[in-house]
Protein chains: 2
Amino acid sequence: MQAALATRRSVLEAAADLASVEGLDSVTIGRLAEMLDMSKSGVIGQFGTKEALQLETVELVFAAFRARVWDPVKRLPPGLPRLLAACEAWVKYAADPGYPGGCLLTQVTYDYDARSGPVHERLVEGRQLWRDVLRTDLEIAVDSGDLPSGTDVRAAIYGLESLAAFVTPARLLHGDDRAVEQALACMRRILDVAPARS
Amino acid sequence: MQAALATRRSVLEAAADLASVEGLDSVTIGRLAEMLDMSKSGVIGQFGTKEALQLETVELVFAAFRARVWDPVKRLPPGLPRLLAACEAWVKYAADPGYPGGCLLTQVTYDYDARSGPVHERLVEGRQLWRDVLRTDLEIAVDSGDLPSGTDVRAAIYGLESLAAFVTPARLLHGDDRAVEQALACMRRILDVAPARS
DNA sequence: CCTACCGATCGGTAGG
DNA sequence: CCTACCGATCGGTAGG
């Protein structure tokens, strides 16, 4: 029983590692079996089908995002303070996600945006939740006067999502080790907040 | 001879259509053959190997980007005017790329950022060329006083790339039909240029 | 969790 | 450009 749970976890960890580099589609049962020195039936037996394994991998991704980005900031004062802390945690997570191929949420976002099916649906749902979190703090920040009253909240959300999602390609394609600082600087410009002192 | 050229083109077009939705890896010889009502050897015979077909598809992508984004603006006055026109063409191209699954350059960027091999290498090279174009106009705009002298050129490039690359997921995941306007609004904020009148 | 196996599909080749 | 075929790998199942 405990052993089966440990197996599940190790399979999911291997799947996440592989998916971060080559995408969720390249996570085949045979390759996982080889990585883990298991039989194919041992790998898939825990999940039933490859699609179920993919969906559980996506759940792992959202859980990691929540643990690394939202949980550390959620008790801060709602509005601009929490929003800025969330953006910083977000961008830093994207730069150091614990997977060899970069932030898996980013990977899945661009890989499954144009497809249909349960992974796409779950992705939309998860990202929408995060959009709602951002919107809440943006609206509070506007109402409280921390952001200008003319702020375009939807455009700001779009901008924050864009800037966080480019950390991985900037680092991996161009070796851009200042991606975190550049993303945060652009975020502050979009929010019309003065640059932080370093 | 002419017929062979026409076949090449139709294979590459089908490959680009398929890749835009499911990624370059899902472009298999068998699926292309089925789409085009050809034999597998007829499809691959024009290219030799699947990797060669992938690389030619990537070339098609860069050629389309050049034709739709750079060629229409390259004769405008260098500096801020050309930069803003390029950004507009860029974002509009991303929103209407002529492929069913969205901008293929964006797709390939996020799909191959973490992998090694010739597609990755070609991608880095192509994106670097575009970065250099952006940098040139940014520096001219700063030198001429159209942009503030303290402008962080590298952060601006990062921001423009990010915002252009999020058009596709914003549209496909959230049905965001204002992605173009939101991306352009954020670009102007990053550049510290007054919003355009509508 | 294993071995052994299934039909389908993969990239690619031989020969025409 | 075609048919016919190759070994490898795919997702998944039977039986234990």
Please give, in whole Å, the distance from [N] [atom2] to [X] [atom1]?
| X | N | atom1 | atom2 | answer |
| --- | --- | --- | --- | --- |
| A/Glu51 | D/dC10 | CD | C1' | 16 Å |
| B/Lys40 | D/dG7 | NZ | C1' | 12 Å |
| A/Leu18 | D/dC10 | CG | C1' | 15 Å |
| A/Leu53 | D/dC10 | CG | P | 14 Å |
| A/Glu22 | D/dT9 | CD | P | 14 Å |
| B/Ile29 | D/dC2 | CD1 | C1' | 16 Å |
| B/Glu34 | C/dA8 | CD | C1' | 13 Å |
| B/Asp25 | D/dT9 | CG | C1' | 15 Å |

Are any non-hydrogen side-chain atoms of B/Gln54 and B/Phe47 less than 4.5 angstrom apart?
-> no
Determine whether B/Asp96 and B/Tyr93 make a side-chain contact, defined as any pair of heavy atoms from C-beta on separated by less than 4.5 Å.
-> no
Any N/O donor-acceptor pair, B/Ser41 side-chain to D/dT3 base, under 3.5 Å | yes
Examine the base of D/dG12 for any acceptor or donor lying under 3.5 Å from a partner atom in the side chain of A/Lys50, and report the outcome as yes or no.
-> no
Who pairs with C/dG16 - Watson-Crick or G-U, where each distance is under 3.5 Å = D/dC1
Comparing A/Ile44 with A/Arg31, nearest DNA chain D nucleotide closer to 5' gives the residue A/Arg31
Is A/Thr28 touching bases, backbone alone, or none of the nucleic acid, heavy atoms closer than 4.0 Å?
-> sugar-phosphate
Could you tell me whether A/Gly30 contacts a base, only the sugar-phosphate backbone, or nothing, with contacts defined as non-hydrogen atoms closer than 4.0 Å?
-> sugar-phosphate
Is A/Asp113 paired with A/Arg127 through a side-chain N to carboxylate O contact shorter than 4.0 Å?
-> no
Nearest-neighbour nucleotide for the B/Met38 side chain, D/dC2, C/dC10, D/dG11 considered = D/dC2
Among the clusters formed by ILVMFWY side chains lying less than 4.5 Å apart, do B/Leu60 and B/Leu55 turn up in the same one?
-> yes
Parallel, tilted or perpendicular: which describes the rings of B/Phe166 and A/Tyr158, with under 30° parallel and over 60° perpendicular?
-> perpendicular
